[in-house]
Amino acid sequence: MSTSLGIIGFPIGHSISPIFQQAALDHHGMDATYQAWEVAPEDLPTFLEGLRYPEFLGINVTVPHKESVMGHLDSVDEWAKLVGAVNTIKNSSGRLVGYNTDGLGFLRALRESGGFDPRGSRVLLLGAGGSARAVACALAETGASYLTIANRTPARAEHLTDLVRGHGLECKAISADPENDALGGACRDADLIVNCTTLGMFHGSGEGSSPLPRDLIPVRAFVYDLVYNPPETPLLREAAAAGASRLGGLHMLVYQGAASFEIWTGKVAPVDKMLDAARNALS
Ligand SMILES: NC(=O)c1ccc[n+]([C@@H]2O[C@H](COP(=O)([O-])OP(=O)(O)OC[C@H]3O[C@@H](n4cnc5c(N)ncnc54)[C@H](OP(=O)(O)O)[C@@H]3O)[C@@H](O)[C@H]2O)c1
């Protein structure tokens, strides 16, 4: 029987997951198709019921459904519960099981592609949305020494610090306003700066904008932008001008997708092939 996989979001037209996931399925010679499905919030319950049929192996989940799917699943793994969001669902003989592979993808890209070990490091996290939550939890697990969370809406950053402190990582929340002295101080202290905002993303309201100017980026900091489209983001350009090391979001995108692929299929994801396909899709 031919099987089906895919990604749901609203909208979903921008997603390159179908390209690199299909490359992985084809690499293993699987009779399976990975598609993008645009699912409006009001259609989510019906869509998920249909996912229980045997022809569906599973799906990825993106904005705005990562939290709302959780109430429709039969079980959710510990890591997804901790993060409070699901980005991967497996159809396990009619039972829907939720996972979150964003933290895994973030860390694997940082270590393997960036060559940066976050243990003992002071981290400045920009943003307090869904991806920031996954990144903050991953950093707490790996033994980072201190986390500053800077967000446009400081109350959301405060809320995230409560979650992170519960996992034993010291942290504080500040405003992300570049005119604010606290942001300058956090930049100066940071070994690692991670952008989890949508600033710089193609087709977003912050397209073309960097969350930090180059004069706030210390040369010794490692700058990691989760935004992957465009590959050369405004923040990465500022980091290069400041002389700092840097990494874009494409590796994380592929590594989180590779972890999803392994959950669905039990096969080793061909990461190099997936990365090549993802790069080609954006070039
Ligand atoms: N590479 C990967 O694998 C990967 C995985 C996940 C996400 N991402 C990328 O990460 C980015 C964030 O995704 P998300 O799911 O965390 O989004 P989200 O939950 O919607 O959070 C968006 C964040 O961006 C901030 N923000 C939005 N517009 C802003 C502006 N004009 N000025 C300052 N801050 C602004 C928001 O601040 P407020 O709280 O003030 O609204 C919030 O902190 C996206 O570009 C996404 O594509 C990449």
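Counting starts at 1 for both ligands and their atoms, following the listed order.
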Novice: Pairs of nitrogen or oxygen atoms closer than 3.5 Å, one from S205 and one from ligand 1: do any exist?
Specialist: no
Novice: In the protein, which heavy atom is nearest to atom 48 (C) of ligand 1, and how far is it?
Specialist: L226 O, 3.2 Å
Novice: With distance as the sole test, does N100 use its side chain to make a donor-acceptor pair with the main-chain N or O of A85 at under 3.5 Å?
Specialist: yes
Novice: So, is L199 polar-close to ligand 1, with some N/O to N/O distance under 3.5 Å?
Specialist: no
Novice: With a cut-off of 4.0 Å, which atoms of ligand 1 are near a heavy atom of V227?
Specialist: 45 (O)
Novice: Strictly below 4.0 Å, N to O, side chains only: are R246 and E232 in salt-bridge contact?
Specialist: yes
Novice: I'd like to check whether M201 has a polar contact with ligand 1, where a contact means an N/O of the residue lying under 3.5 Å from an N/O of the ligand.
Specialist: no
Novice: What residue and heavy atom of the protein are closest to atom 36 (C) of ligand 1, and at what distance?
Specialist: N151 OD1, 4.0 Å
Novice: Any idea which protein heavy atom is nearest atom 11 (C) of ligand 1, and the distance to it?
Specialist: T197 O, 3.4 Å
Novice: L126 and side-chain contact (heavy atoms from CB on, under 4.5 Å): which partner among T148, L226, L183?
Specialist: L183
Novice: Say you draw a straight line from CG of L124 to CG of L216; how long is it, rounded to the nearest 0.5 Å?
Specialist: 9.5 Å
Novice: Look at atom 20 (O) of ligand 1 and say whether a protein heavy atom is found at less than 4.0 angstrom from it.
Specialist: no
Novice: Identify, by atom number and element, the atoms of ligand 1 in contact range of G129, meaning under 4.0 Å from any of its heavy atoms.
Specialist: 16 (O), 19 (O), 21 (O), 43 (O)
Novice: When you check the side-chain N and O atoms of N60 and S260, is any donor under 3.5 Å from an acceptor?
Specialist: yes
Novice: Test your reading of the structure: does T153 have an N or O sitting under 3.5 Å from an N or O of ligand 1?
Specialist: yes
Novice: For atom 27 (C) of ligand 1, what's the nearest protein heavy-atom neighbour? Residue, atom name and distance, please.
Specialist: T198 OG1, 3.1 Å
Novice: If we ignore hydrogens and angles and just use 3.5 Å, is the side chain of E55 paired with the main-chain N or O of S4 as donor and acceptor?
Specialist: no
Novice: For the side chain of D191 and the backbone of S121, is there at least one donor-acceptor N/O pair under 3.5 Å apart?
Specialist: no
Novice: Starting from atom 12 (C) of ligand 1, what is the nearest protein heavy atom, named by residue and atom, and what distance separates them?
Specialist: C196 O, 3.3 Å
Novice: Please write down residue, atom name and distance for the protein heavy atom closest to atom 41 (O) of ligand 1.
Specialist: R152 NH2, 2.9 Å
Novice: Between the side chain of N87 and the main-chain N/O of T101, is any donor-acceptor distance below 3.5 Å?
Specialist: yes
Novice: In terms of side-chain geometry, is the basic nitrogen of K90 or D77 positioned less than 4.0 Å from the acidic oxygen of its partner?
Specialist: no
Novice: How far is atom 5 (C) of ligand 1 from its nearest protein heavy atom, and which residue and atom name does that atom have?
Specialist: M252 CE, 3.7 Å
Novice: Do H28 and F261 make the cut of ring centroids closer than 6.0 angstrom?
Specialist: yes
Novice: May I ask whether A176 places a heavy atom under 4.0 Å from ligand 1?
Specialist: no
Novice: Heavy-atom contacts with G127 under 4.0 Å: which atoms of ligand 1 show up? List them by number with element.
Specialist: 43 (O)
Novice: Got an N/O contact under 3.5 Å between L250 and ligand 1?
Specialist: no
Novice: Distance-only, no hydrogens or angles: does the N229 side chain make a donor-acceptor pair with backbone N or O of F202 under 3.5 Å?
Specialist: no
Novice: Y228 heavy atoms, cut-off 4.0 Å: which ligand 1 atoms fall inside?
Specialist: 1 (N)
Novice: Can you check whether C171's main-chain N or O pairs, donor with acceptor, with R165's side chain at less than 3.5 Å?
Specialist: yes
Novice: Strictly below 4.0 Å, N to O, side chains only: are D276 and R279 in salt-bridge contact?
Specialist: yes
Novice: Do me a favour and list the nearest non-hydrogen protein atom to atom 14 (P) of ligand 1 with residue, atom name and distance?
Specialist: S131 OG, 3.6 Å
Novice: Under 3.5 Å between some N or O of ligand 1 and some N or O of G130?
Specialist: yes
Novice: If you count the atoms of ligand 1 from 1 in the order shown, which ones are under 4.0 Å from a heavy atom of R156?
Specialist: 38 (P), 39 (O), 41 (O), 42 (C)
